[in-house]
Amino acid sequence: MRDQKITRRRLLASGSAAATATLAGCAGRFGDFGGSGDEDSGDSQQATESDIDVSDAAATVGMVYALGGLDDRSFNDAANRGIQRARLDDGVEYTNHEPNSVAGFAEVQAELASSSNPPYDLICCIGFLQAEGLSETAPEYTDQQFMIVDSVVEADNVASYVFREHEGSFQAGNLAGLLTTRDIDLGAGSTNPDETTVGFVGGLDQPLIHKFEAGFRAGVEYANTDVDVLTEYLGNFDDVQGARDIAAGMYDDGADIVYHAAGGAGVGIFQAAQASGRYAIGVDSDQSRSNPRYADVVLASMVKRVNVAVYDAATATVTDSLPAGEVVSLGLDSDGVGVVYGTSLEPAIPDDVREALSTSREQVAAGDIDVPTERSNTGGA
């Protein structure tokens with residue numbers, strides 16, 4: 001893909017176990033990542049400066065991560081695993097970029113798009129907050145290919161990957177609604193069947209995160225209409241102490257299980273669960289693996305396979321088949337989202353609960369259960 005020799009950063013992108021994720025129904029582009037789990041240890045590989053000849057690189061990718069950056073053990077780290085895998089499998093080279101403000105997204109996008117050392121074949125924009133900047137950048141650099149996760153940017157040179165988070169969150173809610181009525185006692189937590197209360201902690205109070213809440217509430221109600229759902233928004237994705245305080249209050253108010261969509265701040269929910277002797281459900285990555293110190297309270301995680309979206313975009317760039325100008329929507333039917341049980345607490349999940357989740361998964365994937373995307377449809381605040 002290169003006719004000239006250039007120098008660039010080499011990345012210390014060592015191999016990692018990645019997702020078993022075959023996304024059938026997406027033009028056959030998604031392949032089996034192998035392995036039985038969804039995550040590695042959660043350690044992200046950072047870029048280091050080193051000039052090398054990249055004339056043999058299959059493609060060069062610029063990774064622009066969401067606020068909070070790498071080592072969030074969740075969203076950004078999942079994207080990082082995808083590009084690491086593309087490097088291993090297809091010889092893709094990449095650089096990591098971590099803006100610390102929304103305004104910084106457009107600046108970095110434009111900087112990479114105008115770069116000639118190295119010239120980038122693809123720029124991956126991770127997170128919905130990059131959409132505004134990309135809507136301005138993409139039309140200015142029409143020869144540059146981009147992909148964005150979690151938003152749609154209507155441009156012929158942008159491939160938009162979106163997830164049906166509400167479907168995976170429905171499964172998380174179904175699990176929580178079923179378990180809060182059971183007597184579960186394993187690891188560092190336990191349930192109180194007399195309370196039948198669960199909680200949801202969101203990061204930013206905006207439509208994408210509302211999809212998580214809406215799906216979760218619908219899943220809880222599907223499991224048991226008598227279960228109460230406590231909800232609160234943190235206002236960001238990085239305030240660990242704030243998330244801990246919110247979750248601690250929910251546990252004090254009777255919640256057995258708290259599900260979060262709060263990015264890196266979600267660690268605070270796990271800390272509160274351990275301190276309160278209750279449970280949590282992680283998000284984006286299998287957080288019992290990416291945060292093993294909290295595996296004794298993470299019942300399950302709603303995985304959102306951002307790694308597979310990044311991998312697909314990078315490898316499609318190698319074969320000149322990036323779905324630029326298109327929207328790729330990933331849900332339960334394509335294994336783009338789903339619930340995985342915690343590595344330590346999986347034995348706590350009763351067989352009939354597993355069967356119930358398997359059935360509801362099939363029903364949602366087939367369209368027999370219509371999961372809401374707006375919290376107003378579910379009685380949310």
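Note that the numbering runs from 1 along the sequence shown for the chain.
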Show your reasoning for whether side chain to side chain contact (heavy atoms under 4.5 Å, CB included) applies to V303 and D284. CA-CA 4 Å; V303 293; D284 293 334; over 6 Å; no
Using the side chain to side chain contact (heavy atoms under 4.5 Å, CB included) rule, take Y65 and N80 through it: C-alpha gap first, then chi angles, then the decisive distance, then the call. CA-CA 9 Å; Y65 294 97; N80 183 255; 3.1 Å; yes
Checking F163 against K211 for the side chain to side chain contact (heavy atoms under 4.5 Å, CB included) test, could you report, in this order, the C-alpha distance in whole Å, the side-chain angles of both residues, the deciding distance, and whether it holds? CA-CA 10 Å; F163 292 81; K211 289 171 64 181; over 6 Å; no
Between S329 and R164, does the side-chain hydrogen bond (donor to acceptor under 3.5 Å, both in side chains) criterion hold? Intermediate values first, please. CA-CA 7 Å; S329 179; R164 298 196 292 278; 2.8 Å; yes
Trace of the ring pair (Phe, Tyr, Trp, His ring centres under 6.0 Å) decision for F270 with H260: CA-CA 10 Å; F270 305 150; H260 85 89; 5.6 Å; yes
Start with the C-alpha distance between Y222 and F170, add both sets of side-chain angles, then the distance that settles ring pair (Phe, Tyr, Trp, His ring centres under 6.0 Å), and finish with yes or no. CA-CA 9 Å; Y222 181 80; F170 179 92; 5.4 Å; yes
Going through the checks in order, is the side chain to side chain contact (heavy atoms under 4.5 Å, CB included) test met by Q271 and Y294? CA-CA 7 Å; Q271 293 173 349; Y294 305 114; 3.3 Å; yes
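In summary, E213 and R217 engage in a salt bridge, as defined by a charged side-chain N under 4.0 Å from a carboxylate O. Look at R354 and D352 and you find no salt bridge, because none of the NZ, NE, NH1 or NH2 atoms lies under 4.0 Å from a carboxylate O. A salt bridge is absent between R244 and D239: the closest approach of a Lys/Arg side-chain nitrogen to an acidic carboxylate oxygen does not fall below 4.0 angstrom.
C125 approaches F146 most closely through the heavy-atom pair SG-CD2, 4.4 Å. Contact record, A261 with I209: O-CG2, 3.9 Å, taken as the closest heavy-atom pair. Here the closest non-hydrogen pair linking V339 and G168 is CG2-O, 3.8 Å. Closest of all the heavy-atom pairs between A272 and A247 is CB-CB, 3.8 Å. The heavy-atom pair separating P139 from L134 by the smallest distance is CD-O, 3.9 Å. Of all the heavy atoms in T180 and T197, the pair that sits closest is OG1-N, 3.4 Å.
Taking the six-membered ring for Trp and thresholds of 30 and 60 degrees, F200 and Y233 have ring planes more than 60 degrees apart, a perpendicular arrangement. Using cut-offs of 30° and 60° on the angle between ring planes, the pair Y259 and F212 is tilted.
Residues T142 and D156 have side chains not in contact (no heavy-atom distance under 4.5 Å, counting atoms from C-beta outward). With a 4.5 Å cut-off on side-chain heavy atoms, I281 and I257 count as touching. Between L129 and L67 the shortest side-chain heavy-atom distance falls below 4.5 Å. Looking only at side-chain heavy atoms (C-beta outward), L112 and H97 come within less than 4.5 Å of each other.
Distance check, rounded to the nearest 0.5 Å: CD1 of I123 to CE of M63 gives 11.5 Å. Here I369 contributes atom CD1 and Q171 contributes atom CD; the two are 8.0 Å apart, rounded to the nearest 0.5 Å. For the atom pair CD of Q109 and OG1 of T137, the computed distance is 4.5 Å after rounding to the nearest 0.5 Å. One finds the CD atom of Q287 at 12.0 Å from the OG1 atom of T343 (value rounded to the nearest 0.5 Å). If you take CG on N76 and CG on L70, they are separated by 6.0 Å, rounding to the nearest 0.5 Å. Here the CD1 atom belonging to I126 is positioned 12.5 Å from the OG atom belonging to S151, to the nearest 0.5 angstrom.
Side-chain atoms of T225 never come within 3.5 Å of backbone atoms of E221 as a donor-acceptor pair (strictly under, hydrogens ignored). At least one donor-acceptor pair under 3.5 Å links the side chain of R278 to the backbone N or O of S190. At distances below 3.5 Å, not a single donor-acceptor pair connects side-chain atoms of E232 with backbone N or O atoms of G249. At distances below 3.5 Å, not a single donor-acceptor pair connects side-chain atoms of S115 with backbone N or O atoms of E111. Checking side-chain atoms of D72 against main-chain N and O of D77 turns up a donor-acceptor pair under 3.5 Å. With hydrogens and angles ignored, the 3.5 Å screen pairs no side-chain donor or acceptor of E167 with any backbone N or O of V364. Without hydrogens or angle criteria, D286 side chain to S288 main chain gives a donor-acceptor distance under 3.5 Å. Under the 3.5 Å distance criterion, the side-chain polar atoms of S101 are matched with a main-chain donor or acceptor of G104. Within the 3.5 Å criterion, the main-chain N or O of L208 finds a donor-acceptor partner in the side chain of Q206. Looking at T181, its side chain never comes within 3.5 Å of a backbone N or O of P193 through a donor-acceptor pair.
No single ILVMFWY cluster, assembled from side-chain heavy atoms under 4.5 Å apart, contains both I246 and L204. A continuous path of Ile, Leu, Val, Met, Phe, Trp and Tyr side chains, each step under 4.5 Å between heavy atoms, connects F216 with L299, placing both in one hydrophobic cluster. V64 and I148 fall within a single hydrophobic cluster, where Ile, Leu, Val, Met, Phe, Trp and Tyr are joined by side-chain heavy atoms under 4.5 Å apart, directly or via other members. F75 and V201 fall into different hydrophobic clusters, where Ile, Leu, Val, Met, Phe, Trp and Tyr are joined by side-chain heavy atoms under 4.5 Å apart, directly or via other members. Hydrophobic clustering places F128 together with V149 (ILVMFWY residues linked when any side-chain heavy atoms are closer than 4.5 Å, directly or through intermediates).
Here the options are R361, K304, R305, the test is salt bridge (charged side-chain N to carboxylate O under 4.0 Å, His left out), and the partner is D335; only R361 passes. Checking each of D90, V310, D89 against T315 for a side-chain contact (heavy atoms from CB on, under 4.5 Å) leaves exactly one that passes, namely D90.
Side-chain contact of Y251 with D256: a donor-acceptor pair under 3.5 Å is absent, judged by distance alone. Counted by atom type alone, N174 and S360 present one or more donor-acceptor pairs between their side chains at under 3.5 Å. Side-chain contact check for R73 and S285: no donor-acceptor pair (N or O, by modelled atom type) lies under 3.5 Å. No hydrogens or angles considered: nothing links the side chains of Y161 and D150 as a donor-acceptor pair under 3.5 Å. Between the side chains of N157 and Q144, no donor N or O sits under 3.5 Å from an acceptor N or O. In the model, Y120 has a side-chain atom that pairs as donor or acceptor with a side-chain atom of T95 under 3.5 Å. T231 and R375 share no donor-acceptor pair across their side chains, judged by distance under 3.5 Å alone.
Annotation: Q274, atom CD; neighbour count of heavy atoms from other residues, nucleotides and ligands within 6.0 Å is above 12. A 6.0 Å sphere centred on CG of N100 holds no more than 12 heavy atoms belonging to other residues, nucleotides or ligands. More than 12 heavy atoms of other residues, nucleotides or ligands sit less than 6.0 Å from atom CG of D252.
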